[in-house]
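First the proteins, then the strands, lettered A, B, ... as listed; each starts at 1.
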Number of protein chains: 2
Amino acid sequence: MENETPETPPLVLEDFIPYRLNKAAEAVSQRFASIYRDRYGLTRPEWRTLATLGQFGILTATAIGAHSSMHKTKVSRAVFTLEKRRWLSRKRDDIDRRIENLELTPAGRKVYADLAKVAHAFEAELLSNLGSKGEKELNAGLAALEAYFG
Amino acid sequence: MENETPETPPLVLEDFIPYRLNKAAEAVSQRFASIYRDRYGLTRPEWRTLATLGQFGILTATAIGAHSSMHKTKVSRAVFTLEKRRWLSRKRDDIDRRIENLELTPAGRKVYADLAKVAHAFEAELLSNLGSKGEKELNAGLAALEAYFG
DNA sequence: AATAGATCGTCACACTTGCAACTAATATCG
DNA sequence: CGATATTAGTTGCAAGTGTGACGATCTATT
């Protein structure tokens, strides 16, 4: 007699950490992505570029990529789009002329400020739904992962 | 006098939950992906399809997509590839002939069994590096997120 | 100073993905 | 019963992505 479905499947995805982590991250990301997409028509790489520049002020494209784990062509294209929208300006470095120093324009900073506010609200809303216990645990769990990878 | 970098940037990405969650998930996923890619040349959608079928036995393409949050075209293409490799077989349903009942072949089950074993080892290794405290916290944090979304 | 090697950012190309349209089959409702 | 709507799965097409090559510039070695 054969079992169509094994009674104890070798791997239960719902219990598998990588799977759970991914699903949770994807769910959170998509919710947040719909916000900046609806508000400003930003893609994910564009939002990340904007946010990284907003946080650090002036950076090169390479630095943005390193910090946000984005491929350099992704950054290159995001920068191009943001520049077209006049939310970002480039300046060739005087000392090393391979480098471009990127900076948000006043208009870009405005968008950033608005989205930063929304981001905080989003995060607060999410965390409040987890409860203070859930929040602590999630934070600690992520910290553990970061300690391992970092 | 102007500050190039704001002293207190409106949003610190390293502290922002969606960002941290994503980065952690991406790091874990890529490590694991490199395993099934190197071993069997599987893509992510293909692995997910294999794993879902391995767990549940017989499913339709739609069911696989629903369970693993994959777009139906993604599933369709993954099924096609797995079928070509003879790791998966289709059978039109006798009652509802729109439906295809998908099932792993013996060869497919073999691959699945191997990868399931590797997956458990991968997870165990990861968790051991988090420590039993980190493990508990991560589990609890994910559970909180799942409770909120589920 | 000259050559070789590394780095920055861009581009062409192939590959992956999602959306919308499509075929085939079933379900619903007058 | 018959017309319409819905569902399962595939495919064409457009958009997004990573790889590798490239020009330009800088660094290191001699």
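B:W47 has its CH2 atom 21 Å from the C1' atom of C:dT16, to the nearest Å. Straight-line distance from the CZ atom of A:R44 to the P atom of C:dG18: 11 Å, rounded to whole Å. If you take CG of A:D93 and P of C:dT7, they are 17 Å apart, rounded to a whole angstrom. The nearest whole Å value for the distance from the NZ atom in A:K72 to the P atom in C:dT7 is 11 Å. Atom-to-atom, NZ of A:K74 to P of C:dC15 comes out at 19 Å; the value is rounded to the nearest Å. The CD atom of A:E100 sits 12 Å away from the P atom of D:dT25 (whole-angstrom rounding). Remark: P of C:dC8 and CZ of A:R92 are 12 Å apart, rounded to the nearest angstrom. Atom CZ in B:R77 sits about 8 Å away from atom C1' in C:dG18, given to the nearest Å.
Contacts of A:I64 with the nucleic acid, taken as non-hydrogen atoms under 4.0 Å apart, are absent. Here A:T43 lies out of heavy-atom contact (under 4.0 Å) with every strand. Residue contacts shown for A:L102 are absent, as no nucleic acid heavy atom lies under 4.0 Å away.
In this structure, the nucleotide among C:dT26, D:dG18, C:dC8 sitting nearest to the side chain of A:I99 is C:dC8. For A:R98, whose side chain is taken as the heavy atoms from C-beta onward, the closest listed nucleotide among C:dA6, D:dG9, C:dG9 is C:dA6. In this structure, the nucleotide among D:dG9, C:dT10, C:dT17 sitting nearest to the side chain of A:S76 is C:dT10. Closest to the B:T73 side chain, of the nucleotides D:dA8, D:dT11, D:dT10, is D:dT11. Across D:dG9, D:dC26, D:dG18, the shortest atom-to-atom separation from the side chain of A:R97 is found for D:dC26. Distance from the side chain of B:P45 is smallest for C:dT17 among the nucleotides C:dT17, D:dT10, C:dG9.
For B:H71, no side-chain nitrogen or oxygen approaches OP1 or OP2 of C:dT17 to under 4.0 Å.
With values rounded to the nearest 0.5 angstrom, A:I35 atom CD1 is found 5.5 Å from A:F122 atom CZ. Interatomic distance, A:L126 CG to A:R31 CZ, rounded to the nearest 0.5 Å: 8.5 Å.
Counting non-hydrogen atoms of neighbouring residues, nucleotides and ligands closer than 6.0 angstrom, the CZ atom of B:R86 reaches no more than 12 such neighbours.
Under 4.0 Å is where a charged nitrogen must lie from a carboxylate oxygen, and between B:E103 and B:K91 no such pair does.
With sequence neighbours excluded, the residues forming a side-chain contact (heavy atoms from CB on, under 4.5 Å) with B:N101 are B:I58, B:T60, B:D93, B:I99, listed by chain and number.
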